[in-house]
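A short worksheet on the structure shown next.
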Amino acid sequence: ASMELDARTTREIVSLINDQDATVAACVARAGDAIVGFVDAALAGMRRGGRLIYVGAGTSGRLGVLDASECPPTFQTPPEMVVGLIAGGDAALRRSSESREDEHDGAHEALRSLGVCANDAVLGIAAGGTTPYVRGAVEFAAGRDATTGMLVCALVEAPVGCGHMIVVETGAEVVTGSTRMKAGTATKMVLNTISTALMVRLGKVHGNLMVDLRATNAKLRDRGARIVAELTGVGREASIALLDGAGGEVKSAVVMGRLGVDAATARRMLAGAGGSLRGALEHGGDR
């Protein structure tokens with residue numbers, strides 16, 4: 001469809017790209033079972049203190065680092081909980097370092113420094129599925145008994161020790177070989193899905209609200225107060241008072257407001273519910 005791309009008008013180019021992009025969501029949907037399998041396997045280890053580690057090169061690596069970097073501001077996770085590794089290191093985020101992706105052992109030192117273990121989940125990201133840097137990382141992680149997965153956009157053989165192959169067949173790109181396009185969009189969608197599903201299951205979302213945030217600046221204080229007000233039914237001033245009394249912790253403030261307990265008791269109840277606000281509220285009478 002794009003073989004005469006250079007002879008097309010701007011309108012035709014834009015329409016063609018949009019038409020192709022519209023096929024991506026269905027491709028991701030067909031990989032749903034594989035995504036679920038990886039999330040559930042990763043969740044078990046993360047509940048024991050494990051981490052989610054993305055490994056990629058080029059566009060795939062940048063997207064992994066992006067998703068990892070967005071977890072702390074969205075879910076208030078510690079930076080070490082979701083980690084992104086890219087061939088060539090952080091410098092490759094701004095300047096391409098394609099030669100480094102051919103190093104089969106290229107990620108081993110970083111993974112060794114992280115102390116990858118059985119509680120961790122390592123997801124290799126490679127649109128074509130053949131990148132030595134990524135495949136070598138998955139094999140290394142498997143040797144450390146970590147949960148392992150590969151996110152690819154083409155049918156390829158799984159690397160040794162890969163427990164979960166997530167294949168999103170996006171097909172040919174409008175610009176042949178430019179995997180920053182449909183494959184990149186699909187990769188972003190899958191990574192968003194994986195990290196968000198994990199954080200929801202880990203109790204960092206209540207309903208569809210980002211309750212596991214701490215009000216450390218004016219913007220977050222305002223957002224936190226609005227969440228507390230919505231979940232407790234109190235007015236703005238009362239929600240701010242609850243939030244301040246909870247040291248800026250939204251979940252603790254909600255428990256305080258809903259169950260009439262102090263901050264220390266609210267924190268104990270949340271800890272007893274594994275950090276789940278829903279669990280703490282539902283079993284509040286057991287305290």
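Bear in mind the structure is a predicted one, so any value in this text is a computation, not a measurement.
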Say whether [X] and [Y] are linked into one hydrophobic cluster, either directly or through other cluster members, by side-chain heavy-atom distances under 4.5 angstrom.
X    : Y    : value
V234 : L277 : yes
V82  : L123 : yes
L270 : V261 : yes
M256 : L281 : yes
L198 : V122 : no

As an exercise, state the distance from [atom1] of [X] to [atom2] of [Y], rounded to the nearest 0.5 Å.
X    : Y    : atom1 : atom2 : value
H108 : R144 : NE2   : CZ    : 10.0 Å
T147 : I53  : OG1   : CD1   : 11.0 Å
I86  : T59  : CD1   : OG1   : 8.5 Å
S60  : E101 : OG    : CD    : 9.0 Å
E12  : D19  : CD    : CG    : 11.5 Å
K251 : I227 : NZ    : CD1   : 11.5 Å

Could you tell me whether [X] atom [atom1] has more than 12 heavy atoms of other residues or ligands within 6.0 Å of it?
X    : atom1 : value
D90  : CG    : no
R180 : CZ    : no
D33  : CG    : no

Quick one, [X] and [Y] - any side-chain contact, counting heavy atoms below 4.5 Å?
X    : Y    : value
F75  : D212 : no
E169 : R30  : no
T187 : L191 : yes
Q76  : M210 : no
M150 : R135 : yes
L114 : R51  : yes
M165 : P159 : yes
F140 : D105 : no

Query raised in the report: Quick one: salt bridge (charged side-chain N to carboxylate O under 4.0 Å, His left out) partners of R201, sequence neighbours excluded?
Result: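 Checked R201 against salt bridge (charged side-chain N to carboxylate O under 4.0 Å, His left out); matches are D40.
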
Query raised in the report: Would L213 and R223 count as a side-chain contact (heavy atoms from CB on, under 4.5 Å) if you check the C-alpha gap in whole Å, the side-chain angles of each, and the deciding distance to 0.1 Å?
Result: CA-CA 9 Å; L213 67 80; R223 181 185 297 170; 3.7 Å; yes

Report task. Run the numbers on V205 and V211 for side-chain contact (heavy atoms from CB on, under 4.5 Å), then give the verdict. Result -> CA-CA 5 Å; V205 174; V211 291; 5.6 Å; no

Just list the side-chain donor-acceptor pairs under 3.5 Å for residues 171-178, sequence neighbours left out, or say none.
residue	atom	partner	partner atom	Å
E173	OE1	K182	N	2.8
E173	OE2	K182	N	3.3
E173	OE2	A183	N	2.9

Query - Residues which pass ring-ring contact (aromatic ring centres under 6.0 Å, His included) with Y133, listed by chain and number, not counting sequence neighbours - result: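 ring-ring contact (aromatic ring centres under 6.0 Å, His included) list for Y133, sorted by chain: empty.
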
Report task. Name all residues meeting the ring-ring contact (aromatic ring centres under 6.0 Å, His included) criterion together with H206; count only those two or more places apart in sequence or in a different chain, and write none if there are none. Result ->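 Once residues adjacent in sequence are excluded, H206 has no partner under the ring-ring contact (aromatic ring centres under 6.0 Å, His included) criterion.
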
Closest non-hydrogen atom pair, [X] against [Y]:
X    : Y    : answer
A41  : H164 : CB-NE2, 3.5 Å
S195 : C71  : CB-SG, 4.0 Å
V134 : G124 : CG1-CA, 3.4 Å
A118 : R48  : O-NH2, 4.4 Å
A121 : F38  : CB-CZ, 4.0 Å
A154 : V167 : O-CG1, 3.8 Å

Report summary line: Only one of L85, D120, V83 passes side chain to side chain contact (heavy atoms under 4.5 Å, CB included) with L111, and that residue is L85

Query raised in the report: So which pairs with a foot in residues 232-248 pass salt bridge (Lys or Arg N to Asp or Glu O under 4.0 Å), sequence neighbours left out?
Result: R221-D244, D222-R236

Requested in this report: May I ask you to decide whether R267 forms a salt bridge with E249, counting only side-chain N to carboxylate O separations under 4.0 Å?
Outcome: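 A salt bridge is present here (some side-chain N lies under 4.0 Å from a carboxylate O).
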
Query raised in the report: Is R100 salt-bridged to E103, cutoff N-O under 4.0 Å?
Result: yes

Closer than 3.5 angstrom, by distance alone: can the side chain of [X] be matched with the main-chain N or O of [Y] as a donor-acceptor pair?
X    : Y    : result
T196 : T193 : no
S276 : A273 : no
E70  : D67  : no
R258 : L231 : yes
R62  : A57  : no
E230 : R226 : no

Query - side-chain contact (heavy atoms from CB on, under 4.5 Å) evaluation trace for I194 with L151 - result: CA-CA 11 Å; I194 288 171; L151 168 56; 5.6 Å; no

Query raised in the report: Taking only residues two or more places apart in sequence or in another chain, which ones pass side-chain contact (heavy atoms from CB on, under 4.5 Å) with A197?
Result: V39

Query raised in the report: Cut-off 3.5 Å, side chains only: do T265 and D262 have a donor facing an acceptor?
Result: yes

Query raised in the report: side-chain contact (heavy atoms from CB on, under 4.5 Å) between V55 and V138: does it pass, once the steps are laid out?
Result: CA-CA 8 Å; V55 184; V138 172; over 6 Å; no

